[in-house]
Engineer: 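One structure follows; several queries about it will come next.
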Amino acid sequence: MSTPYLEQLLTVLRFPSISTDPSHAGDVQANAEWLAAKLTEIGLGTKIYPTAGHPIVVARNAARPGRPTVLLYGHYDVQPVDPLEQWVSPPFEPRIEGGRIFARGSTDNKGQHMAHLCGITELLSRHGDLPVNLIFLLEGEEEIGSPNLEPFLKRYQSELACDIVAISDTGMVGPGLPTFTYGLRGIACVEVTVHGPVIDLHSGIFGGSVANPNTMLARLVASVHDNEGRILIDGLYDAVRPLQEWERTAWAQLPDGAASTLELTGVPKLFGEPGFTDYERRWARPTAEVNGIGGGYQGKGSKTVIPQSAFAKFSFRLVPDQDPQDILAKVQAHFAKHCPDTVRLDVYMGHSGKPYAMDPNSKFGLAARRALEKTFAKPTALIREGGSIPIVQAFRDVLNAETLLLGLALPDCQAHAPNENFPVENFEAGIVLNQHLLEALASA
Ligand code: BES
Ligand code: ZN
């Protein structure tokens, strides 16, 4: 491959652009400035927009009538790196081994948006212009729920008007298998705290006459599912759009999802809602996960204490046509109903994002699939994904544009986990794909 592109990717991977951690705000800013400088250098009109949080970078070519306007979106922020001790090499010192680039953000999303950037660079250097009117938008807050991007879309609605959005921030079903994602799950985050005594208590002196917040929290957590994995929150499934027959048939032809999940996760046995396959459970069914739980003594040895309080952090993944606000209200009602009266309950609503589904047979959907097939010379898999990119539904609501999801991550790229990695060949293929994509969209 042409080394300058790989060098550019390695350079952006060295920015520790962790959006959730205020101590890294300067690194996020520096990453944005590097991107803006590069986009200017390749000939695009570029601007960095400060926000209440991290900046948004927008680059564009000169618009010409008669061409579709394509908005490419990516995010240059990354997830935190802990547990750091599980990384084989430091997360912000990219290392290439076995054809893969190991670094935080390599797959999510720097490797993928740099494939957009380098594909554009190729087209510009070869033709002096692009086949479409381009708006390239890169944000630094995706991993914290994009709090400032939707207001930005509203404020600059007319400047950002476009015919179609394309994003590379999803996965491929396997190496070399072109994959078009036509749906994403939404998300709703909730933190629950139960408060017991006003101070930590001696569990010998008071144990027996005071409810233990840890135990009460465990009850609340357990109340969310039945023993087989169905969610027990009243009305939670009401708006779930049933899987269509063609999807079930298409997904049944894909590489065995259950076998791959078993192998990648190392769990002794799979667990999930009865009546659905592994892909169906992960891509088309709502879930409730406890992402964090705490209370009481966490140090070495034992300490005989009844803690003051205990907490659990939940995220709910949502599918079309569930609405995050409606689900949050139902979740809150559930916890209020199930919380024992021996403790006090606090429910804090975190960020949320709507689920998404589009028509993979739309004019632009078909064009994107042609570009994938031209790049990988294989039939394209049509899938949904379990992860969330909340801004995708906002592109539809605010800009009235659908989003094409042409992801390049592999199932074992370890996004959000230690030793995140991205295959060099996917980066190369992504650079080619982006050129085919803009050409296909131009003639759609
Ligand atoms: N790239 C992911 C989303 C994704 C992952 C889509 C896998 C499809 C398959 C994105 O960067 C991400 O991690 N999103 C967060 C959103 C949240 C923080 C609002 C997620 O899904 O947890
Ligand atoms: Zn992510």
Side-chain angles (χ1 to χ4, degrees), residues 17-21 28 53-54 73-81 91 103-116 138-150 166-174 179-191 257 260-261 264-265 278-279 281-284 286-292 313-319 324 327-328 349-358 381-394 403-418 420-422 426 430:
S17 50
I18 304 169
S19 49
T20 197
D21 182 347
V28 181
H54 303 301
Y73 161 89
H75 66 91
Y76 61 88
D77 63 321
V78 299
Q79 288 267 330
V81 295
R104 169 57 85 232
S106 53
T107 190
D108 186 5
N109 166 254
K110 293 178 177 180
Q112 303 199 59
H113 71 246
M114 287 304 289
H116 283 305
L138 293 152
E139 74 152 322
E141 298 191 315
E142 196 272 349
E143 299 292 6
I144 52 172
S146 302
N148 291 295
L149 187 52
E150 189 167 344
I167 303 182
S168 193
D169 195 22
T170 49
M172 298 169 70
V173 285
T179 305
F180 183 82
T181 297
Y182 61 92
L184 293 167
R185 289 199 288 190
I187 190 165
C189 297
V190 176
E191 188 168 336
S260 142
T261 301
L264 287 169
T265 61
D278 177 76
Y279 287 132
R281 289 172 178 169
R282 293 192 286 122
W283 297 346
T287 52
E289 297 297 343
V290 189
N291 301 124
K313 290 170 187 272
F314 288 87
S315 61
F316 293 81
R317 294 286 167 168
L318 312 179
V319 300
I327 296 301
L328 286 172
M349 310 291 186
H351 63 75
S352 62
K354 291 179 186 167
Y356 182 74
M358 55 87 71
L382 293 183
I383 71 165
R384 297 201 235 164
E385 282 270 27
S388 307
I389 311 177
I391 204 61
V392 167
Q393 181 62 39
T403 295
L404 309 166
L405 297 156
L406 302 97
L408 298 167
L410 294 183
D412 61 352
C413 281
Q414 303 188 190
H416 294 202
E420 177 177 353
N421 64 86
F422 191 54
N426 287 31

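Indexing begins at 1, ligand by ligand and atom by atom, following the structure's order.
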Engineer: Could you check whether Glu139 and Tyr73, counting side-chain N and O atoms only, form a donor-acceptor pair closer than 3.5 Å?
Structural biologist: yes
Engineer: Should you measure from each heavy atom of His75, which atoms of ligand 1 turn up under 4.0 Å away?
Structural biologist: 11 (O)
Engineer: For atom 10 (C) of ligand 1, what is the nearest protein heavy atom, given as residue, atom name and distance?
Structural biologist: Glu142 OE2, 3.2 Å
Engineer: Contact between Gln79 and ligand 1, counting heavy atoms under 4.0 Å?
Structural biologist: no
Engineer: Judged by non-hydrogen atoms, does Arg317 sit under 4.0 Å from ligand 1?
Structural biologist: yes
Engineer: Can you tell me which portion of Ala409 lies within the under-4.0 Å heavy-atom range of ligand 1? Options are side chain, backbone, both, or neither.
Structural biologist: neither
Engineer: Within Asp169, is some N, O or S atom less than 2.8 Å away from the Zn ion (ligand 2)?
Structural biologist: no
Engineer: Just need the protein heavy atom nearest to atom 14 (N) of ligand 1, so name the residue and atom and give the distance.
Structural biologist: Ser388 O, 2.9 Å
Engineer: Below 4.0 Å from ligand 1: does a non-hydrogen atom of Asn109 turn up there or not?
Structural biologist: no
Engineer: Report the part of Asp169 in contact with ligand 1, treating N, CA, C, O as backbone and CB onward as side chain, heavy atoms under 4.0 Å; options are side chain, backbone, both, neither.
Structural biologist: both
Engineer: Where is the tightest heavy-atom contact between His75 and Asp108, given as atom of each residue plus distance?
Structural biologist: NE2-OD1, 2.9 Å
Engineer: What is the nearest protein non-hydrogen atom to atom 7 (C) of ligand 1, stated with its residue, atom name and distance?
Structural biologist: Gly387 CA, 4.2 Å
Engineer: Rounding to 10°, state the angle centred on the Zn ion (ligand 2) that links OD2 in Asp108 with OE1 in Glu143.
Structural biologist: 150°
Engineer: Go through the side-chain N and O atoms of Asn421 and Ser106 and say whether any donor and acceptor fall under 3.5 Å apart.
Structural biologist: no
Engineer: Tell me whether Gly171 reaches ligand 1 (any heavy atom closer than 4.0 angstrom to a ligand atom).
Structural biologist: no
Engineer: To which protein heavy atom is atom 8 (C) of ligand 1 closest, and what is the distance rounded to 0.1 Å?
Structural biologist: Glu385 CB, 3.5 Å
Engineer: So how far is it from Leu184 CG to Trp283 CH2, rounded to the nearest 0.5 Å?
Structural biologist: 12.0 Å
Engineer: Check whether any heavy atom of His416 sits under 4.0 Å from an atom of ligand 1.
Structural biologist: yes
Engineer: May I ask you to check if any N/O/S atom from Glu142 comes under 2.8 Å of the Zn ion (ligand 2)?
Structural biologist: no
Engineer: How about His75: does one of its N, O or S atoms come closer than 2.8 Å to the Zn ion (ligand 2)?
Structural biologist: no
